[in-house]
Amino acid sequence: MPKRSFSPLWSRAVLCLVFGLTPSNAAQVAAGIEYETVVRPADLPDDFQPLPGTSLKFLSIKTIDGFIVKAALWQPEAKPPAETTLIIMVHGSGGSYTRAPNSTLSRSLSGDGFAALAINTRQHDDKRNTDNFFDISRDIDASVRTARALGYRSIVLQGHSLGTIQVLFYAATNWEHDIKAVVQLSAIADLPWRSRYLQIQDEDKFRALFDAALKSLHEGKERDVMALRMRRTGAEEELLTGEHFLTYRAEASSSANGTYWIKRVPRPILMVRDAGDTIITPFEPYVLLSAATSPGSLVPSIKFTLLPDPAGPNPGGHFFAGNTKPLSETITSWLADQHL
């Protein structure tokens, strides 16, 4: 399939022909977003297949700055896009569209009559901790615009873990009316605070990381991996770039604070947490709830659902490993309540 691009500008040749313009004063295309259907990736598991009555396609989406977003598009076959709500799914740190919960949710939601566009952002898989927080918005924006070009007129933004803050930022700064709602799975509240006091837990190490990141910025090397490493979720320290630390982790410069952005989202919000989640602390959803319902908040309605986990605290709880069906049912029920 040829690439599809959607720039609001006419081509230079057409402008010259219609309006008699010379090449020197004709409008030029500075940048654009493109997408195309691609063959099924060879490294996918055999069971990564659509349900009966649904289809699965794979897309390559070029963002405004040239990054290539890989995506899986799950669609119900009996409904045209204009009559179908599409959920754009943004994974967490080092995740992908092949990993839970997005891999299982996209499949099940398509069977319930919803479409799903699950994307790989520029911090997928081994690229975690290397991105700039603001750049992820370009990945989401290119996906939203691709959804519109495909004919979808009702869009829901869904984030998981780190993706929840990225989605909140986009929803708070993009108020188009076809963005109908926001879903937050395993939501993080205040990432800079969490990074400093729950993950790094070492003031000397935190200051050293900040100084190294700031130095890399001043030297024009903020995209390079730093010598210092950072503890993120486990005991092992991980590689990271200066721009990642400064835009996500450092309280003085980070914008990755969900409590700030959530109150600026003018759409209904659903938050879901697995009670067995050992990564997201139990109080974080309530911090977000408090912000979303505080005076002056733009959020018209918000619902929080805590799914019981018979396995108790477990690493898979963060990915809803034992709650695949209840999670899907919770989302579809809520979307129905929103008339989507």
Side-chain angles (χ1 to χ4, degrees), residues 1-6 32-77 81 84 86-112 114-131 135-136 138-147 149-152 157-163 166-167 185 223 225 238-239 241 244 315-316 318-321 324 327-328:
M1 177 180 176
K3 289 183 179 180
R4 305 287 182 85
S5 60
F6 28 98
I33 295 169
E34 300 176 354
Y35 74 94
E36 62 180 324
T37 302
V38 296
V39 299
R40 177 187 174 92
D43 57 350
L44 293 181
D46 292 338
D47 61 354
F48 200 78
Q49 300 289 345
L51 295 169
T54 70
S55 66
L56 170 60
K57 297 179 181 179
F58 299 91
L59 302 181
S60 177
I61 304 170
K62 182 181 177 182
T63 68
I64 197 75
D65 63 335
F67 178 78
I68 301 299
V69 172
K70 300 298 184 181
L73 175 61
W74 306 74
Q75 300 177 102
E77 294 179 335
T84 305
L86 178 136
I87 298 97
I88 293 178
M89 299 182 173
V90 181
H91 58 76
S93 182
S96 74
Y97 68 67
T98 66
R99 293 182 60 187
N102 292 349
S103 58
T104 52
L105 261 181
S106 50
R107 186 172 189 264
S108 61
L109 288 175
S110 65
D112 291 327
F114 298 95
L117 182 62
I119 67 173
N120 284 356
T121 69
R122 63 190 70 198
Q123 57 95 44
H124 71 90
D125 296 304
D126 60 354
K127 296 178 178 61
R128 68 178 181 273
N129 303 337
T130 63
D131 59 312
D135 287 345
I136 300 296
R138 295 174 179 171
D139 303 342
I140 299 173
D141 188 61
S143 304
V144 169
R145 294 182 186 276
T146 296
L150 291 168
Y152 290 96
L157 302 176
Q158 174 189 294
H160 171 249
S161 193
L162 185 64
Q166 295 160 351
V167 161
L185 309 179
R223 296 183 180 181
V225 172
E238 301 179 358
L239 297 171
T241 62
H244 177 87
H318 186 62
F319 303 96
F320 299 89
T324 300
L327 175 61
S328 180

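- The side-chain heavy atoms of L73 and T146, taken from C-beta on, include no pair separated by under 4.5 Å.
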Less than 3.5 Å apart, which donor and acceptor atoms pair up between the side chains of residues 39-46 and the rest of the protein, not counting sequence neighbours?
| residue | atom | partner | partner atom | Å |
| --- | --- | --- | --- | --- |
| R40 | NH1 | F48 | O | 2.9 |
| R40 | NH2 | P45 | O | 3.0 |
| R40 | NH2 | F48 | O | 3.2 |

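- Between S96 and D125 there is a side-chain heavy-atom pair separated by less than 4.5 Å.
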Walk me through it: do D135 and R138 pass the test side-chain contact (heavy atoms from CB on, under 4.5 Å)?
CA-CA 5 Å; D135 287 345; R138 295 174 179 171; 3.6 Å; yes

Test side-chain contact (heavy atoms from CB on, under 4.5 Å) applied to N129 and H244, step by step
CA-CA 6 Å; N129 303 337; H244 177 87; 3.6 Å; yes

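- Annotation: salt bridge (charged side-chain N to carboxylate O under 4.0 Å, His left out) contacts of D139 (sequence neighbours excluded): R122.
- Here the CZ atom belonging to F320 is positioned 10.5 Å from the CG atom belonging to N102, to the nearest 0.5 angstrom.
- Aromatic ring orientation, H318 versus H160: tilted (interplanar angle from 30° to 60°).
- The two atoms that bring V38 and S60 nearest to each other are CG1-CB, 3.7 Å, heavy atoms only.
- Y97 is not listed as a side-chain neighbour of M89, based on a closest heavy-atom distance of 4.5 Å or more.
- Contacts of D112 classified as side-chain hydrogen bond (donor to acceptor under 3.5 Å, both in side chains), with partners at least two apart in sequence or in another chain: none.
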Checking N120 against H91 for the side-chain contact (heavy atoms from CB on, under 4.5 Å) test, could you report, in this order, the C-alpha distance in whole Å, the side-chain angles of both residues, the deciding distance, and whether it holds?
CA-CA 7 Å; N120 284 356; H91 58 76; 4.2 Å; yes

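- Annotation: the span from L150 atom CG to L86 atom CG amounts to 8.0 Å, rounded to 0.5 Å.
- Pairing each heavy atom of S108 with each of S328, the nearest pair is OG-OG, 3.2 Å.
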